[in-house]
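Structure first, then comments.
Bear in mind the structure is a predicted one, so any value in this text is a computation, not a measurement. Position 1 is the first residue of the sequence, and the numbers go up from there.
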Amino acid sequence: MQLNSIVNAQETHLTKIRAWLSRRAIPIALAAGVAVALEITMPHRVAAQDGQGQGRVCSNATLRGDYGRLSSGIRPAPANPAVTESFVATALRTYDGNGGFTEISSSHGQITPAIRDTPGHGTYDVRADCTGTSMIFITGAPFPIETSFVIVGKGEEVQHAVMAPQPQVVTAVERRVER
């Protein structure tokens, strides 16, 4: 008899807990759903981090001065564009802080001999989130080269990926030159 009353008391207690949870669960679930929906639909401002958790906004002025670059990848061989070759290149690029740059580059490939001190120039556009694009015009090249880049390390480094022309698969890293 006593066992029966203990079991009934526990069942009654569980029933009360279930009823309380049922009353609270629906409003809590609705509130969570509304919070998630608001989070998804609200626009967010993207800002680069300066390494100390402080937001930083970039512009064309973020890139100013000399940067040394090392590039490598696969490109069409100049003598026969139907054939691709692995290559490496170095350059010294000077950004003007206003969306323009000049550079001097040297490269060699698996097939192509060394080509030294080739001048180039171009334009760049930096977005507030520290990403951007550039267009490079290399003397003697029949087409410009378009890159997509990201600025890191408080403007000390620029990491590029060639987007066009195809079939190039090239990456490059630039570091600010200390003088």
Got a second to check how far Asn80's CG is from Ile111's CD1, nearest 0.5 Å? 8.0 Å

Do any N or O atoms from the side chain of Asn60 and from the backbone of Val126 form a donor-acceptor pair under 3.5 angstrom? yes

Rounded to the nearest 0.5 Å, what separates atom CD1 in Ile104 from atom CZ in Arg69? 11.0 Å

Report the distance from atom SG of Cys58 to atom CZ of Arg127, rounding to the nearest 0.5 Å. 11.0 Å

Is a donor on one side and an acceptor on the other found under 3.5 Å between the side chain of Thr62 and the backbone of Ser59? yes

Answer whether the closest heavy-atom distance between the side chains of Gln159 and Val152 falls below 4.5 Å. yes

Measure across Pro165 and Pro144 and return the closest heavy-atom pair with its distance rounded to 0.1 Å. CD-O, 3.7 Å

Between Thr147 and Val162, is a side chain to side chain contact (heavy atoms under 4.5 Å, CB included) present by the stated rule, with each step listed? CA-CA 4 Å; Thr147 75; Val162 170; 4.2 Å; yes

A side-chain contact here means heavy atoms from C-beta on lying under 4.5 Å apart; do Ile74 and Val170 qualify? no

Working to the nearest 0.5 angstrom, can you tell me the gap between Arg175 CZ and Tyr67 OH? 9.5 Å

Is the shortest distance from a Lys or Arg side-chain nitrogen in Glu85 or Arg75 to a carboxylate oxygen in the other one below 4.0 Å? yes

Evaluate the side-chain proximity of Phe87 to Ser72: yes if any heavy-atom separation is below 4.5 Å, no if none is. no

Is a donor on one side and an acceptor on the other found under 3.5 Å between the side chain of Glu103 and the backbone of Leu92? no

Grouping I, L, V, M, F, W and Y whenever their side-chain heavy atoms are under 4.5 Å apart, do Met163 and Phe143 come out in a common cluster? no

Hey, could you give me the CG/OG1 distance between Asp66 and Thr102, rounded to the nearest 0.5 Å? 8.0 Å

Distance col, row Ser107:OG vs Arg116:CZ, nearest 0.5 angstrom, shows 10.0 Å

Closest contact, heavy atoms only, Pro167 versus Thr84: CG-CG2, 4.0 Å

Should Val88 and His108 count as side-chain neighbours, where that means a heavy-atom distance under 4.5 Å? yes

I would like to know whether Val150 and Val158 meet side chain to side chain contact (heavy atoms under 4.5 Å, CB included); could you show each step before the answer? CA-CA 6 Å; Val150 62; Val158 184; over 6 Å; no

Using 30° and 60° as the class boundaries, would you call the ring planes of Phe101 and Tyr124 parallel, tilted or perpendicular? tilted

Going through the distances and angles, do Arg93 and Ile136 end up as a side chain to side chain contact (heavy atoms under 4.5 Å, CB included)? CA-CA 11 Å; Arg93 180 177 284 186; Ile136 308 163; 3.0 Å; yes

Verify side chain to side chain contact (heavy atoms under 4.5 Å, CB included) between Leu70 and Val173, making sure each step is shown before the conclusion. CA-CA 6 Å; Leu70 177 62; Val173 174; 5.8 Å; no

Under a 4.0 Å N-O cut-off, is there an ion pair linking Arg176 with Glu157? no

Find out whether Ser106 and Thr118 are in side-chain contact, i.e. whether some heavy atom of one side chain is under 4.5 Å from a heavy atom of the other. no

